[in-house]
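To start, the structure under review is shown below, and the notes come after it.
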Amino acid sequence: MSRAKKKTAAPTQPGTVVASFGRQFTVELADSTLIACVTRGKRTDIACGDRVAVAMTAPDQGVIESTAPRASLFYRSDIQREKLIAANVTQIVIVLASSPPFHAELLDRCLAAAEEAGIPALLALNKMDLPAAAQALQSLARYRALGYDVLPLAAKIDIAPLRARLAGHTSVLVGQSGMGKSTIINRLLPDAAARVGELSVALGGGRHTTTHARLYHLDAVSHIIDSPGLQEFGLVHVAPEDLAHAFIEFRQHLGQCKFNDCKHLTEPGCAITAAVERGEIDAQRAESYRKLVMQLMKKAQRWE
Ligand SMILES: Nc1nc2c(ncn2[C@@H]2O[C@H](COP(=O)(O)OP(=O)(O)OP(=O)(O)O)[C@@H](O)[C@H]2O)c(=O)[nH]1
Ligand SMILES: [Mg+2]
Ligand SMILES: [Zn+2]
């Protein structure tokens, strides 16, 4: 038997991360108590929705000792670093709006990330009460044609259509700033008081914007995470061949290019380019894919 005394680990309690502020986290214990937590070392790879073990250091403070294996992880990555958005979600709700206009390229990136993570996505087109709504809905026809679920919504007027789609899920709301994510939270949970982007006297005329992810409970089996508005969405963690697969309409054409390692950029004999030319793949979607691949290749050059 070893003579070295085994260090006894501090007793821990299981909990769920319900808010993440960079290196600080709020963990909810089984009895609903909220604990302000830091991590061991300088770990930052913990996300809202993670199930963790907490060692208490004070009645309302603790240290996250470990995280449980995740059923899913939704994240983005740029050249410098990875940004974890939410863990263990079963549905990604991409919130779009008729006004301000949404960026189709960002939508394509969110969808590719959802495909890559194996998490189903729902496209919620919010602010259907505004005049620009009809045109915005029309612009989503091509996503519908691909099989993506599009839900027209006016969160301010009636949240019921979305509520029905959240039952039994842990959902994360993602999208650009100002699309109405926090408004959705407030309509679902009037007590949540999530800050929404109304003009604020306190902010000297500035707008409230969500600065960190937060998990809310809708009922015992349905949960929803609000997240800060996305300004960028890199996918440099995804290999080029997986990226092509994440654009679902590419799949049926893959393996048919002249070159085995075709990246579907300007290579001759590319089956994706041919499908775009025949009108079978939307040119804008192909362009979204190409921009992602070019970003990836830039990264590869850096590290080689
Ligand atoms: N007309 C209309 N306005 C809405 C609707 N839903 C939200 N808004 C408005 O859109 C603005 C932005 O709403 P937020 O909920 O703060 O948007 P957000 O997506 O949380 O924005 P970030 O936190 O910055 O990412 C606010 O002024 C809301 O009142 C809607 O259904 N119709
Ligand atoms: Mg918000
Ligand atoms: Zn190709």
Side-chain angles (χ1 to χ4, degrees), residues 19 48 83 85-86 93-103 106-107 110 124-134 136-137 151-163 171-190 192-201 203 205-216 224-233 240-241 243-245 247 249-278 280-281 286 289-290 293:
C48 210
K83 289 254 183 191
I85 299 171
V93 180
I94 303 173
V95 183
L96 308 161
S98 51
S99 171
F102 64 86
H103 301 294
L106 183 68
L107 167 58
C110 288
L125 178 61
N126 191 30
K127 309 197 194 182
M128 284 305 289
D129 54 305
L130 296 182
L137 187 58
L151 180 75
L153 186 71
K156 269 193 157 176
I157 295 163
D158 183 14
I159 200 65
L162 179 62
R163 192 189 295 275
S171 307
V172 59
L173 301 175
V174 298
Q176 284 159 241
S177 188
M179 300 286 109
K181 299 178 292 298
S182 300
T183 302
I184 288 172
I185 297 283
N186 287 337
R187 296 290 150 153
L188 289 167
L189 296 159
R195 287 187 167 178
V196 302
E198 307 285 4
L199 285 173
S200 150
V201 179
L203 290 178
R207 282 179 191 275
H208 285 300
T209 187
T210 305
T211 53
H212 60 270
R214 174 153 227 126
L215 184 146
Y216 300 87
I224 191 162
I225 297 173
D226 190 10
S227 74
L230 295 166
Q231 274 156 0
E232 49 178 353
F233 202 108
E241 56 273 25
L243 207 52
H245 204 76
F247 281 71
E249 69 274 43
F250 288 19
R251 290 178 187 169
Q252 64 181 112
H253 304 283
L254 296 175
Q256 293 165 31
C257 301
K258 184 172 170 191
F259 299 111
N260 275 335
D261 62 347
C262 187
K263 296 198 167 50
H264 323 301
L265 295 171
T266 55
E267 297 92 332
C270 173
I272 299 297
T273 304
V276 173
E277 280 162 7
R278 288 195 304 273
E280 289 169 25
I281 290 178
Y289 160 82
R290 287 181 175 140
V293 173

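When a ligand or atom number is given, it counts from 1 through the structure's own listing order. These numbers were taken from a predicted model, which means no experiment stands behind them. Counting begins at 1 with the first residue of the sequence.
- Residue G229 has at least one heavy-atom neighbour below 4.0 Å for each of these atoms of ligand 1: 25 (O).
- The option from K181, R187, K127, M179 that lies nearest to atom 25 (O) of ligand 1, judged by heavy atoms, is K181.
- The minimum heavy-atom distance between P100 and M179, with the atom names listed, is O-CE, 3.2 Å.
- When each atom of ligand 1 is checked for a heavy atom of A154 under 4.0 Å away, the hits are 31 (O).
- Among all heavy-atom pairs drawn from A97 and L125, the shortest one is C-CD1, 3.8 Å.
- Among P228, G178, G180, A155, the residue whose heavy atom sits closest to atom 21 (O) of ligand 1 is G178.
- Ligand 1 has no N or O atom lying under 3.5 Å from any N or O atom of S227, backbone or side chain.
- Taking 2.8 Å as the threshold, S177 does not count as a candidate ligand of the Mg ion (ligand 2), since none of its N, O or S atoms lies below it.
- Relative to atom 2 (C) of ligand 1, the option among D129, V95, T183, L153 with the closest non-hydrogen atom is D129.
- You'll find the side chain of K258 stays beyond 4.5 Å of the side chain of E267, heavy atoms only.
- For H212, the NE2 atom is densely surrounded, since the number of other residues' heavy atoms within 6.0 Å is greater than 12.
- Contacts between D226 and ligand 1 below 4.0 angstrom, taking non-hydrogen atoms only, are absent altogether.
- In this model, a donor atom of one side chain and an acceptor atom of the other lie less than 3.5 Å apart for T273 and R290.
- Paired with K156 under the rule side chain to side chain contact (heavy atoms under 4.5 Å, CB included), one option of T183, I184, N186 passes, and it is T183.
- At a cut-off of 2.8 Å, S227 does not coordinate the Mg ion (ligand 2) through any N, O or S atom.
- Within the sub-2.8 Å shell of the Zn ion (ligand 3), the protein contributes these N/O/S atoms: C257 SG, C262 SG, H264 ND1, C270 SG.
- Nearest approach of C262 to C257, heavy atoms of both residues: CB-CB, 3.6 Å.
- F250 has its side chain out of reach of L243: every pair of non-hydrogen atoms, C-beta onward, lies at least 4.5 Å apart.
- Geometry note: the Mg ion (ligand 2) is the vertex, S182 OG and T210 OG1 are the arms, and the angle is 80° (rounded to 10 degrees).
- Counting all heavy atoms, side chain and backbone alike, A286 lies closest to I281 at CB-CG2, 4.4 Å.
- The ligand atoms of ligand 1 that sit less than 4.0 angstrom from a heavy atom of T209 are 22 (P), 23 (O), 24 (O).
- By the criterion of a heavy-atom distance under 4.0 Å, the side chain of L130, and not its backbone, is placed next to ligand 1.
- For the pair K127 (side chain) and S99 (backbone), a donor-acceptor distance under 3.5 Å is present.
- Between R214 and S227 there is no side-chain heavy-atom pair separated by less than 4.5 Å.
- Exactly one residue among I225, V95, I94, T210 makes a side chain to side chain contact (heavy atoms under 4.5 Å, CB included) with L173. That residue is V95.
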